[in-house]
Amino acid sequence: MLDKTDYLPNLIQEAKQQINEIIASALAKAAEKGELPADAVLTGSVEIPKDTSNGDFAANHAMAGARSLHMAPRMIAEKLIGNMDLSGTWFASAESAGPGFMNFRLAQSWYSDVLSAVDAAGENYGRTDDGKGRKLMVEFVSANPTGPMHMGNARGGVLGDALASVLEKAGYDVSREFYVNDAGNQIEKFAQSIDARYRQLILGENAVEFPADGYHGEDIIRLAESFRESFGDEWLDKPESERHEKMASFGLERNIPRMKNDLERYGIRYDQWFFESTLHESGFVKETVSRLTDLGYTYEKDGALWLKTSEILGDKLRAAGKSEADIEKLELKDDVLRRANGFYTYFAADIAYHRNKFETRGFDKVINIWGADHHGHVARLKGAMDALGLDGENRLDVVLMQLVKLLENGVEVRMSKRTGKMISLDNLLDEIPVDSARYFFNSRPESPVEFDLELAKRQDKENPVYYVQYAHARICSMISNLASEGHPLPAFGEADLSLLTEPAERDLIKQVALFPEEIRLAARDYDPSRINKYLTELAAQFHKFYTVCRIRDAEPGILNARLVLSDSVRNVLELALSVIGIGAPEKM
């Protein structure tokens, strides 16, 4: 029986480890008999083959060790299998195949133990201890607070939130953060835009030229109208600098709470909203730039202060073995940290912000979710962290996500925050359920998303989130209906799980067993979309099982076992859906 004390089960990895132990024991026996060299060492990998008709796991140890043992892989495999003792293991048989693979077929005890593990772990099923409690931050969305949240933010939001959940499930101490860019050039443009609309309201639209690079959305007009309602015309003749400072503050005080509300509606709550302005007000940006200067990484030119970015990155590339010719092709450039007018650049603030993450707040690792258009910024920021002695190369990871294409009736809807032609997150969630939006946007970050608005609205199996949620609701309804007919869900220990021998039952149990492994891999690869794929396959396996395996009119022992299996699937569906922030309805 399994040890249930503080048990975080991953029966896929545990089965692989058991195979390694079986092979090691067989090697020792074969060496003792003189069938294999006494000093033989075999290391290999154990994988789940795409075609499991010849075995549930395949090991390549014999092939990996053929050269060192000076023997044909097939012969090594046969010697090992001849010395294997599978009694008391999760495996019913092992055989050699092809050029030297060893195929292992699972015994019924493994399938029963999977369901026992789900029952024992409860809400902890799927958790791992890979993270070992290390302190980790996921920073995502971090949109300029100059307008409504939009479709691009919708994708970054769910990717960041789902990744944070996956990492929590994998044993990390995770903090979610939104970096509010409430300082700098974009905020000045924001203030200019409100100011222009405000003066147009008073003086007439033709009397005031709107800045070409300003924000043209209706939201700016609404802010200007609100400003005038609050203050009348009294700010018309105030100095421009005062006017802009006041209008920026007025706009941010309204936009930021709206952003928070939109994101909470989307199921996203942050542990911290970190304001860029605090870095300037505290002198932390200035101090960070001074430290880079003290370390010899800056110089002055044309009245500005520059970071020796090309030198920092060039030295890193040389240390990695790159040739001077290859480095020259990259055309590395230095970056301005402080302009000639004395203002610090966004890059200087970003360096200070990340120094704050590592040095002040002590995060072991930081993960940023950025748009693909920021790819050129990644190496520069990591290099700056390295220059500060903060090991940006290993402690700062950036997940770059491709853009979103919104399709409506098969036609792409163009979006631009600057021109105001955009689909806001709030408007999107008026059109489709939050669960659909989260499911569709939680796709592989490196792949562009074509968001089909009509498909996301559909309430049938063509909509993947509906298909998954329906599996959960179907199980809940089945259990409830059978209970009303006198067949209640039995206590876990009352069901004979050894009766679950049908191929559809075993395939379903295998999919249940994969959940902890999918969490582990999703955390390792920063790819929460694996959970989408996992859920779709788990739902498919359940629907297949429900179709081919009778439940209501099955013999009582089999009925009880299938009810327990179904309830285990229901539990795992709910757990996996919760990881990506999606509900598990009991009725649909």
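For this chain, numbers begin at 1 and follow the sequence in order.
Aromatic ring orientation, Phe451 versus Phe441: parallel (interplanar angle below 30°, classes split at 30° and 60°). Ring-plane geometry between Phe190 and Tyr215 is classed as perpendicular, the angle between the planes exceeding 60 degrees on a 0 to 90 degree scale with a lower cut at 30. Using cut-offs of 30° and 60° on the angle between ring planes, the pair His377 and His374 is perpendicular. Using a 30° and 60° split on the angle between ring planes, Phe227 and Tyr198 fall in the perpendicular class, above 60°. Using cut-offs of 30° and 60° for the angle between ring planes, the Trp273 and Phe178 rings count as parallel.
Between the side chains of Asp334 and Tyr299, at least one donor-acceptor pair of N or O atoms lies under 3.5 Å.
The backbone N or O of Pro145 lies less than 3.5 Å from no partner atom in the side chain of Asp182, so there is not a single donor-acceptor pair. Judged by distance alone, with hydrogens and angles left aside, the side-chain atoms of Lys365 form a donor-acceptor pair with the main-chain N or O of Asn394 at under 3.5 Å. Of the possible polar contacts, none joining the Asp302 side chain to the Ala304 backbone as a donor-acceptor pair under 3.5 Å is found.
How far CD of Glu139 is from CD1 of Ile367: 11.5 Å, rounded to the nearest 0.5 Å. If you take CD on Gln469 and CD on Glu574, they are separated by 11.5 Å, rounding to the nearest 0.5 Å.
A salt bridge does not link Glu454 with Arg458: none of the charged nitrogens is closer than 4.0 Å to a carboxylate oxygen. Salt bridge present: Glu218 and Arg222 bring a charged side-chain N and a carboxylate O closer than 4.0 Å. With respect to the salt-bridge test (charged N to carboxylate O, under 4.0 angstrom), the residues Arg318 and Asp315 qualify. The pair Asp195-Arg199 meets the salt-bridge criterion, since a charged nitrogen lies less than 4.0 angstrom from a carboxylate oxygen.
For the pair Arg438 and Tyr266, the cation-pi criterion (under 6.0 Å, within 45° of the ring axis) is fulfilled.
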For this session: Go through Arg520 and Glu517 one step at a time and tell me if the salt bridge (charged side-chain N to carboxylate O under 4.0 Å, His left out) criterion holds.
Result: CA-CA 5 Å; Arg520 185 183 73 84; Glu517 182 68 355; 2.8 Å; yes

